[in-house]
Amino acid sequence: MDTTKSFFLPSEGSTFAPDVDALFHFVLWVSVAFFAVIMVMTIIFVIKYRRRGAAPVLTPGFHHHTTLELGWIFIPLVLVGIVFVWGFKGFMALNVVPKDAMEIKVSAQKWFWSFTYPDGFNTIDTLVVPAGKPVRLLMSSQDVIHSFYVPDFRMKRDVLPNRYSIAWFEAPNPGDHHLFCAEYCGKGHSEMHGRVRVLGEREYSEWVEKSAFSGEGMSLEEYGSHLFASKACITCHKLDGSAGTGPALPGAFGTQVQLTGGSTVLMDENYIRESILSPQAKVVAGFQPVMPTFQGLLKAHEIDALVAYIKSLQKPKPSGN
Ligand code: CUA
């Protein structure tokens with residue numbers, strides 16, 4: 001995380017965050033000031049007008065007090081007016097996308113995010129953007145309602161199936177920011193988080209060049225290794241031989257795999273391919289059916305590369321298999 005951090009708000013990572021915070025603080029401190037005035041007056045009146053002696057002393061009736069009445073009409077009116085105009089300007093800033101914004105397609109599905117960049121490649125769970133450039137997000141969901149929420153950007157928008165929602169932001173400084181799903185979307189909702197990585201202009205173009213790369217000059221295995229990390233397979237399939245959210249892959253190729261339901265399957269090229277495209281078809285015993293499908297997110301030669309890589313993975317400790 002970067003930039004300023006206030007006492008209880010997350011750091012300010014977008015161009016509109018400081019204004020959102022300023023309005024929040026205005027409302028907060030106006031409320032605090034009124035609270036203080038009302039409390040102090042209450043205490044003073046309780047003491048000053050307390051009952052003294054046995055005989056009740058009644059407050060003499062009085063009629064209106066013009067100055068006081070105008071005061072309690074116009075002071076709140078001005079304050080509410082300030083909040084309205086300020087809030088409306090902020091609302092417009094959040095909703096009117098600058099014309100020169102670059103567009104990134106955001107796709108939400110149970111339970112991950114995928115981002116498609118202007119050059120046609122995609123990333124999973126990490127949105128990478130250039131600093132100091134407006135970014136327009138064209139978002140849709142493959143299944144249920146999700147919500148794209150970046151607290152540092154003071155930005156949250158629902159992502160719906162069957163329609164696009166649009167949001168934008170500009171992050172002035174390089175740095176990493178949390179991305180959450182802010183709409184309960186099922187069992188994996190709490191796992192549906194990622195990050196927004198803001199890169200400097202040069203780092204961003206280098207990154208685009210690297211990501212648009214489709215394996216030229218690399219062996220299929222090497223390219224598969226590159227994809228295994230960039231498509232975030234590695235978050236669930238650990239390479240140290242331990243089981244993560246998904247089964248450990250090193251050394252598994254060519255073995256019989258025990259499935260949920262009691263049957264077994266030979267871990268071969270077809271089983272790997274099927275598990276990438278239809279992960280729920282044959283779930284390994286002891287694991288939850290939580291892997292998302294990569295149907296439509298991987299090109300044929302990318303699947304070939306991943307298969308080649310998984311095939312090549314050896315158990316970390318050569319202990320005879
Ligand atoms: Cu997606 Cu909660």
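Order of listing sets the numbers, starting from 1, for every ligand and every atom in it.
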Inset, instruction - State the OG-CG distance between S230 and L227, to the nearest 0.5 angstrom. - result: 5.0 Å
Inset, instruction - Give me the ring orientation class for W113 and F148: parallel if the planes are under 30° apart, tilted from 30 to 60°, perpendicular past 60°. - result: perpendicular
Inset, instruction - For the pair W86 and F26, name the ring-plane relationship: parallel under 30°, tilted 30 to 60°, perpendicular over 60°. - result: tilted
Inset, instruction - Provide the protein N, O or S atoms situated under 2.8 Å from atom 1 (Cu) of ligand 1; waters are not included. - result: H146 ND1, C181 SG, C185 SG, M192 SD
Inset, instruction - Kindly say whether I303 contributes a backbone atom to a donor-acceptor pair with the side chain of R273 at under 3.5 angstrom? - result: no
Inset, instruction - Could you tell me how the ring of Y117 sits relative to the ring of F121: parallel (under 30°), tilted (30 to 60°) or perpendicular (over 60°)? - result: parallel
Inset, instruction - Could you label the plane-to-plane angle of the F228 and H237 rings as parallel, tilted or perpendicular, counting under 30° as parallel and over 60° as perpendicular? - result: tilted
